[in-house]
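Below: the structure, in C-alpha cells.
Every heavy atom of this structure was used, including side-chain atoms; hydrogens, water molecules and symmetry mates were not. Order of the sequence lines fixes the chain letters, A, B, ..., with proteins taken first and strands second; residue numbering starts at 1 for each chain.
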Protein chains: 2
Amino acid sequence: MFPPERYQSGMSQTETKRYHHGDLRNALLRAGMEIIERDGLARLSLRALAAAVGVSHTAPKNHFGSMKGLVTAIGAQGFRKFAAEMRNGLTQASTRKERLHAATLGYVRFAQGHPELFKIMFSPDHCDREDTAFKDAAQESYRVLIEISEGLAWDKSEAPNAQKRTEIMLWSFVHGYATLLNAGRIDDRADGAPPPGILDIMPDFGYLDR
Amino acid sequence: MFPPERYQSGMSQTETKRYHHGDLRNALLRAGMEIIERDGLARLSLRALAAAVGVSHTAPKNHFGSMKGLVTAIGAQGFRKFAAEMRNGLTQASTRKERLHAATLGYVRFAQGHPELFKIMFSPDHCDREDTAFKDAAQESYRVLIEISEGLAWDKSEAPNAQKRTEIMLWSFVHGYATLLNAGRIDDRADGAPPPGILDIMPDFGYLDR
DNA sequence: CACTGTATATTTCCATTGGAAAGTTATACG
DNA sequence: CGTATAACTTTCCAATGGAAATATACAGTG
C-alpha cells in the first residue's frame with residue numbers, strides 16, 4: 001500500500017484520524033482480495049486486514065458478520081472475475097468449437113492465475129453457499145458453461161436431462177483438470193516433460209450444426 | 001470411545017497412569033482419523049486429539065512434528081484406503097470396460113463416503129506432498145489409474161505421451177466429478193431431480209482388444 | 001436548530017489454538 | 001550398573017476470532 005498504515009481515503013496525512021472510514025466495506029474487500037491473492041487465505045486474519053486498512057480488528061464485523069462472511073464476499077467477487085475471464089475471448093470465437101475452447105482455456109487460465117481465490121470459491125468451508133450475492137455470482141459463471149454446452153452434441157440421447165448431462169460432463173472434466181493442476185498433481189510426473197494442456201486432452205464433444 | 005478419557009491401552013482402570021503410552025503414534029492416527037471423518041478437519045485440534053488419547057497436548061509433536069505432519073500421515077492412510085476401495089470390485093470385473101467402471105465407481109464412492117478425508121488428501125495446504133510415506137501412498141492410488149487407462153484407446157495418436165494424456169483425461173474427469181459433487185455443486189440444480197451418476201456421463205474411451 | 005435513533009467503529013476482554021522450551025520419566029544399550 | 005536417548009509433561013507465549021459494552025458520527029424529524 002502506498003500511504004503508510006493508518007491512512008484512510010480522503011484523509012490528509014496531517015489531519016487527525018477520522019472515526020468513520022467512509023468506504024470501509026470496499027476497502028476491506030480490496031485489501032482482503034490482495035492478501036489472499038498474494039499470500040494465500042492462511043495468511044488472512046481479521047486483525048492484519050483491519051490494520052492494513054487502518055481500523056480496529058472488530059470493525060469488519062459490522063459489514064461482514066464474521067470471517068466467513070468476508071471470505072464469502074471475496075469469493076463472490078472472484079466468481080464475477082471468473083465469468084468475465086471465460087467470456088473474454090468468447091466474442092472473437094466464431095464457431096462453436098472455438099467458443100468451447102475459448103471458455104475452457106479461460107476456466108483454466110483463471111484457476112492458474114488466481115489459485116487461492118479459485119480454491120476458496122469452490123470451498124463450502126470458506127464460502128457460505130446460501131449467501132444471495134454469492135449464489136448470484138456463482139450462477140453468473142455457471143451460465144457461461146450452460147451457453148457453451150448448449151452447442152454440443154455429445155449426449156445424443158433423447159432423455160430430458162441430456163443437456164444437463166453434457167454440462168456436468170464438461171464441467172467435471174475442466175474443473176478436475178484445473179483442480180489437479182493447481183494441487184500440483186499433474187505437472188510432477190517423473191519424466192519432467194511439460195504436462196499436456198487442456199486442449200490436448202479435450203474429449204470430442206461433437207457440435208450441432210444448428 | 002469406550003473406556004473414558006484418560007484410558008491407555010494396557011492400563012487397568014485402577015492402575016495409576018503410565019508415563020509412556022506405548023503405542024501413541026497409532027493411537028493418535030486412529031483418533032485423528034475418527035475426528036476428521038466424523039467432525040471434519042476444522043474440528044481437529046492437537047489438544048482435543050491429545051485429550052482423547054490421554055496425553056498432553058504437546059505429545060503428538062514427538063511423532064509428527066506439527067499439525068501438518070499429523071494430517072499428512074492421516075492423508076497417507078487415506079490414500080491407502082482409497083487404492084483399496086478402487087481395487088475392490090476390480091477383481092470381479094472381467095472386461096476392460098467393467099474394470100474402468102468399477103474403478104471409477106470406487107473413486108466416487110470413496111470421495112462421497114469420506115468427504116473430509118478426500119479433501120485433505122488432495123490439499124497441499126494440509127498434506128506435505130514431499131513426505132515420503134505420503135508420496136508412496138498417493139502413488140499407490142495413482143497406479144490403479146494407470147492400470148485402468150492402459151486398456152483404453154481414447155487417444156489414438158502416436159505421440160509418445162498418448163498414454164499419459166489418457167490418464168490425465170480420465171483422472172480430470174473423475175476427479176472433477178467427485179470434487180464438484182462433494183462441494184455440493186452438482187446436486188443442487190433447480191429441478192430437484194437426482195444428479196446424473198458418473199457412469200451416466202462417462203465419455204467414450206474405447207477399448208483396445210489386446 | 002436541537003433531538004434522537006441508528007449505523008459505524010473502538011476498547012476491552014476472553015477462550016482456543018499451535019508451538020517453543022525446559023524439565024521429567026522410562027527404556028535401551030554399552 | 002550407568003548413561004545416553006526416546007517419550008512425555010509442564011509451563012509459557014503470541015496470535016486469532018469473536019462477544020460485549022462503549023463511543024462517535026450522521027440522518028431524519030419535529
I need the CG-P distance between Leu28(A) and dG17(D), as an integer number of Å. 13 Å

Using only modelled atom types and a 3.5 angstrom limit, is any donor from either the side chain of Asn62(A) or the base of dA9(C) paired with an acceptor on the other? yes

Modelled atom types, side-chain donor and acceptor of His101(A) and Thr104(A), under 3.5 Å: no

Identify all pairs in which a protein N or O lies below 3.5 Å from an N or O of nucleotides 18-20 of chain C, and state each distance.
unit_1	atom_1	unit_2	atom_2	d
dG18(C)	OP1	Leu46(B)	N	3.4
dG18(C)	OP2	Leu46(B)	N	2.9
dG18(C)	N7	Arg47(B)	NH1	2.4
dG18(C)	O6	Arg47(B)	NH1	3.0
dG19(C)	OP2	Met67(B)	N	3.0
dG19(C)	N7	His57(B)	NE2	3.2
dG19(C)	O6	His57(B)	NE2	2.8
dA20(C)	OP2	Lys61(B)	NZ	2.2

Here the distance between atom P of dT27(C) and atom NE2 of His21(B), to the nearest Å, is 13 Å

Asn26(A) CG to dT8(C) P, straight-line distance once rounded to whole Å: 12 Å

Side-chain donor-acceptor distances from residues 105-117 of chain B under 3.5 Å, at least two apart:
unit_1	atom_1	unit_2	atom_2	d
Tyr107(B)	OH	Trp171(B)	NE1	2.9
Tyr107(B)	OH	His175(B)	ND1	2.8
Arg109(B)	NH1	Glu85(B)	OE2	2.6
His114(B)	ND1	Glu37(B)	OE1	3.0
His114(B)	ND1	Glu37(B)	OE2	3.1
Glu116(B)	OE1	Leu41(B)	N	3.0
Glu116(B)	OE1	Lys119(B)	NZ	3.3
Glu116(B)	OE2	Lys119(B)	NZ	2.9

For residues Leu44(B) and Gly32(B), report the shortest heavy-atom separation together with the two atoms involved. CD1-CA, 4.3 Å

Between atom CG in Asp23(A) and atom P in dA7(C), what is the gap in whole Å? 18 Å

Tell me the interatomic distance from Leu49(A), atom CG, to dG17(D), atom C1', rounded to whole angstroms. 13 Å

Distance check needed: dG17(D) P versus His126(A) NE2, whole Å only. 12 Å

Nucleotide dT17(C), atom P - distance to CG of Leu41(B) in whole Å: 13 Å

So does Lys81(A) pair up with Glu140(A), basic N to acidic O under 4.0 Å? no

Do Phe79(A) and Phe122(A) have ring centres separated by under 6.0 Å? yes

Using a strict cut-off of less than 4.0 Å between a Lys/Arg side-chain nitrogen and an Asp/Glu carboxylate oxygen, indicate whether Arg165(A) and Asp155(A) qualify as a salt bridge. yes

